[in-house]
Amino acid sequence: MRNKRLFSQIAVASAVAIILAGCSSGSQNASKSSLPKVEALKSLGTGEGQVNIVAWAGYVENGSNDPKVNWVSDFEKSTGCKVNVKIGSTSDDMVALMKTGEYDVVSASGDASLRLIYGGDVAPVNTSLVPNYADIFSDLKNQPWNSVNGVAYGIPHGRGANLLAYRTDIVKPAPTSWGAVFDANSPYKGKITAYDSPIYIADAALYLMKTQPSLGIKYPYALDQKQFDAAVALLKVQKPLIGEYWSDYLKHVASLKSGGTVLGTTWQVNINLAQSESVKVAGIKPVEGSTGWSDTWMISSKAKHPNCGYMWMDHIVSPKANAAVAEWFGEAPSNSKACALTSDKNFCTTYHAADQAYWKDVYYWNTATETCLDGRTDVKCVPYSEWVKAWSSLRNA
Amino acid sequence: MKNSVSTWMHKRPKLRLTALLAAPTLWLVVAYLGALGALLITAFFTIDNFTGNIIAKFNLGNFHDILTDPAYRNVVLRTLGIAVSVTIICAVLAVPMAFFMAKIAKQKSQKILVALVLTPLWASYLVKIYAWRTMLEPNTGVMDWILGPIGIHSPGFGGPAIIIGLSYLWLPYMILPIYAGLERLPNSLLDASGDLGARNFYTFRRVVLPLIFPSLVAGSMFTFSLSLGDYITAQIIGGKLQMLGNVVYQNFSINLPFAATIATIPVAIMAIYLWLIRRTGALASL
Amino acid sequence: MTISKRARYALMALMGVGLAFIYVPLSVVVINSFNSSRTFSWPPSSFTTEWWSKAISNTGVRKALSWSLAAGFSATLIALLLGTSLAFAVSRYNFFGKDIISLLVVLPISLPGVVTGIALSNAFNQEIGLSTGLLTIVIGHATFCIVVVYNNALARLRRMGTSLQEASMDLGANGITTFRLITLPNLASALLAGGLLAFGLSFDEIVVTTFTAGPGIETLPIWIYNNLFRPNQAPIVNVVAATLVVVSVIPIYLSQRLSQDSTSGGRF
């Protein structure tokens, strides 16, 4: 009896919930399947008094974490634009945040930028309104992850390569190839690490591109179903070798230090940090080249503070700010004049900032779309949302 | 004026009831149930492969993917296993501790013990999990450092580490309801059982346990459901293991419909759980 | 009471083991706040007070603390209002949907935070276009805080019964006076206990907050999360946590003082 009553109550409540939900879901945006037409800003007006920014941790520092680390206050004083920042912890977070339309500017990595462009969430950038754009390294401009058909959608911020880290006192001989992390008979089984993100599938694809030419992979972010399956199969072989996957630097460096991890993907900044903790570790770019990232400052298509947004984009790639942020975050600056202003004079050498040859075989993160990014039109490529699913599936198989 | 309003209201119980119920019901139904309903409906949608925008067209593709890929069955079973283990460990640790606090410790030390159990709740969740990283680090961790000499070694990062970490986080949520339940239990009852010749353990099993059962279940609500949805602990000390929450979190922004589909699993599990325990009176002991 | 000596000692030993389980990791946090290694390696090779002095000059953490307090107090206030009126309705009246309401109020705390988080975030952003900010955090937190206030208030109202209220009304006091002079004082300690727990839940909440916080808003747990992933900042987080543990003595002491005057005490 009591149950029956409860049932009828649940029925009423669910009906209410479904009606409420149904009303609201009807208003979802219709999908767009081609490049949305968004106009770039024509001319720069006066600042709107504030700017809302989505950024990686460490990109927008106002001295609140360390009084010496501050490239926001000057900007706020000189432009009158107050900076509100929201830290995005992953590229996926950032895309979601930009879709809300509440933010003006974002520091998008390559695995987010195309999604934002094709989603109509960001606008093309009128680079003539960003004076510091002129000094940006030419090999970062008009790249597949920050432009479409020669139209720039953002200002390059900095870059880094995903290196192969190894404990020099344990891993002998020193590895030269990514093969070391994919070798099913590796003596370091259980002590290998990999970056914990669907984008890591591209690392496997890069290795296959160089070692199995018959698969015909031309670009690690343009994989048809057969190539994609081969990359995922390789990661399945790799899985038993992995001790843990990492996505935060603290866990990764702690693990390199304790010896829980002796071999695997890393970033230059982690190597530096580990070495400063006197860990015997080195990071190399293997013979196959590597994946990497190049972040881009982009402006929202729905920006409420576009003028302040442009001012910020110009400020953050100015030599002084660009040098400061590159050193704090640990990446190669994008402004060619920044190298003269770093506090560590060897900084740009360590990070290969001006060494264009070094970056030749670095494949920066990009968002896989159904239209193959390598120009093939006879096949469909596997879109990034399927990469994410495949990653979930792989991690739990 | 005030008086007359009050009298007027008093004569109209229906109106008073409506006034009392309106705000909380509206809040829970609109803000919460509405949001939840919208999310669950999204589970039947799909996304545009090119732009990632949601296409609001009914289809069962996501459910098909989840049901046919054994990886999702693995992660559900693994997560359930972890949540159940955490609940059992917390219960086993909490019952004797709560019993000692409520029935054996002196009045004064009772207060101190409650405070001692409460304190870790205020240290941040993340900091505690990172402390467990330092604890469990194989060979160089605190655990191997302290217990290594007597032959006990850290299990390393993985399933056992997740279970230890989550048990640690949620233990106070188990101790406190049981403690409150035991405190309400009159000592005379235990004495009566003893006087009638019952041994300690028998008294405990036949008298104490049935009476604190609702509190135990209330505590399990916290330990079970909080474990079921966790994703941060697995990220930090889970080695290469993932839990359901990780899968939801991973898919959330790129493919909300798929994340919503996965989210229906813990919702269904909790619905069954609530259904099973609704009679125990546990829901009122939270 | 008739508990054998052996059982007493066994229980005492178990209590000790439990407390060790709780306090060894907490001491690790405190020790690590002096550990000169930036990655908390063990055992510490040397000690430093650098992190403490850095933490003291860190304005971000103070700002985060104020956001957390603002969110916590607002969410607690809403939870107190909604939870208490719901408890009154459920304890004093019979109505259609009573069972479901008592299930519904438990739902937000029993469903995983990640589900609540993405549901709210989806609703705020896509469905109703509400800008995320402090308000959305408060809505999220209040939703799962209602239940603790509700349960504490309901238990007290049921124990109180209605006789005192009726007596007051019989003696000529009107509804408002009765509430002010009779009901509320009797309810106060239960509400404070519930409110304190609600505040505690809100204060350390990270999952729902991650999904509902707006631009420029960092609550303390979010600050901690962001700083753990920022080179050079992680050790400061241990300082903050160690400080929180020490400062937590205040709310715990308060809750104990408050529960002294009630027979069975607040729940926590």
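Taking the six-membered ring for Trp and thresholds of 30 and 60 degrees, B:Tyr249 and C:Phe211 have ring planes more than 60 degrees apart, a perpendicular arrangement.
In terms of heavy-atom pairs under 4.5 Å with chain C, the best-connected choice from B:Trp145, B:Tyr125, B:Phe224 is B:Trp145. Of the listed residues (B:Leu40, B:Leu171, B:Val142), the one with the most heavy-atom contacts under 4.5 Å to chain C is B:Val142. Contact tally against chain C (heavy-atom pairs below 4.5 Å) for B:Leu228, B:Leu93, B:Thr119: the top residue is B:Thr119. Taking chain B as the reference chain and counting heavy-atom pairs below 4.5 Å, the highest number among C:Ser27, C:Gly16, C:Ser110 is found for C:Ser110. Counting heavy-atom pairs closer than 4.5 Å to chain B, the top-ranked of the candidates C:Ala87, C:Pro112, C:Gly200, C:Gly113 is C:Pro112. Of the listed residues C:Val29, C:Thr210, C:Leu26, the one with more heavy-atom pairs under 4.5 angstrom with chain B than any other is C:Leu26. Ranked by heavy-atom pairs under 4.5 Å with chain B, the list C:Thr143, C:Leu14, C:Leu244, C:Val240 is led by C:Thr143. When each of B:Ala263, B:Pro266, B:Pro120 is scored by its heavy-atom pairs under 4.5 Å with chain C, the top score falls to B:Pro120. When each of B:Ala105, B:Ala115, B:Gly141, B:Ser124 is checked for heavy-atom pairs under 4.5 Å with chain C, B:Ser124 comes out on top. Among the candidates C:Leu107, C:Val237, C:Leu19, the residue making the largest number of heavy-atom pairs closer than 4.5 Å to chain B is C:Leu107.
Using a 4.5 Å cut-off between heavy atoms, C:Phe144 does not touch chain B at all. In this structure, no portion of B:Ile262 lies under 4.5 Å from any heavy atom of chain C. Interface residue C:Pro25: backbone and side-chain heavy atoms are both found under 4.5 Å from chain B. Contact of C:Ile146 with chain B is made through the side chain alone, with heavy-atom distances under 4.5 Å. Both the backbone and the side chain of B:Leu36 come within less than 4.5 Å of a heavy atom in chain C. Both the backbone and the side chain of B:Leu116 come within contact range of chain C, each with at least one heavy atom under 4.5 Å from a heavy atom of that chain. Residue contact with chain B, scored on non-hydrogen atoms closer than 4.5 Å, is absent for C:Val17. For C:Phe203, the part sitting under 4.5 Å from any heavy atom of chain B is the side chain, from C-beta outward, and nothing else. Within the 4.5 angstrom heavy-atom criterion, only side-chain atoms of C:Leu201, from C-beta onward, approach chain B. The contact between C:Ile78 and chain B is made entirely by side chain atoms (from C-beta outward), counting heavy-atom distances below 4.5 Å. In this structure, chain B has a heavy atom under 4.5 Å from the side chain of C:Ile206, while its backbone stays farther away. Using a 4.5 Å cut-off between heavy atoms, B:Ile232 touches chain C through its side chain atoms alone. Within the 4.5 angstrom heavy-atom criterion, atoms from both the backbone and the side chain of C:Val245 approach chain B. The part of B:Phe252 that comes within reach of chain C is its side chain, from C-beta onward, which places non-hydrogen atoms under 4.5 angstrom from that chain.
Side chain of C:Lys98 to backbone of C:Tyr93: a donor-acceptor contact under 3.5 angstrom is found. Between the side chain of B:Thr79 and the main chain of B:Leu244, a donor-acceptor pair closer than 3.5 Å is present. Distance alone, capped at 3.5 Å, is enough to place a donor-acceptor pair between the B:Asn251 side chain and the B:Val247 backbone. Remark: the backbone N or O of B:Ile104 is not paired with any side-chain donor or acceptor of C:Arg8 at under 3.5 angstrom.
Taking CD1 of B:Ile129 as the start and CG of B:Leu169 as the end, the distance is 4.0 Å to the nearest 0.5 Å. Within the model, atoms CZ of B:Phe100 and CD1 of B:Ile175 stand 12.5 Å from one another, a figure rounded to the nearest 0.5 Å. From C:Lys5, atom NZ reaches atom CE of C:Met12 across 10.5 Å, with rounding to the nearest 0.5 Å. Within the model, atoms CE of B:Met143 and CE of B:Met135 stand 7.0 Å from one another, a figure rounded to the nearest 0.5 Å. Note that OG of B:Ser167 is 9.5 Å distant from CE of B:Met174, once rounded to the nearest 0.5 Å.
Looking at B:Thr233 and B:Asp230, their side chains do bring a donor and an acceptor atom within 3.5 Å of each other. Looking only at atom types and distance, the side chain of B:Tyr273 has a donor-acceptor partner in the side chain of B:Ser220 under 3.5 Å away. In the model, C:His141 has a side-chain atom that pairs as donor or acceptor with a side-chain atom of C:Thr209 under 3.5 Å.
Taking the six-membered ring where the residue is Trp, the centroids of B:Trp27 and B:Tyr32 are separated by 6.0 Å or more.
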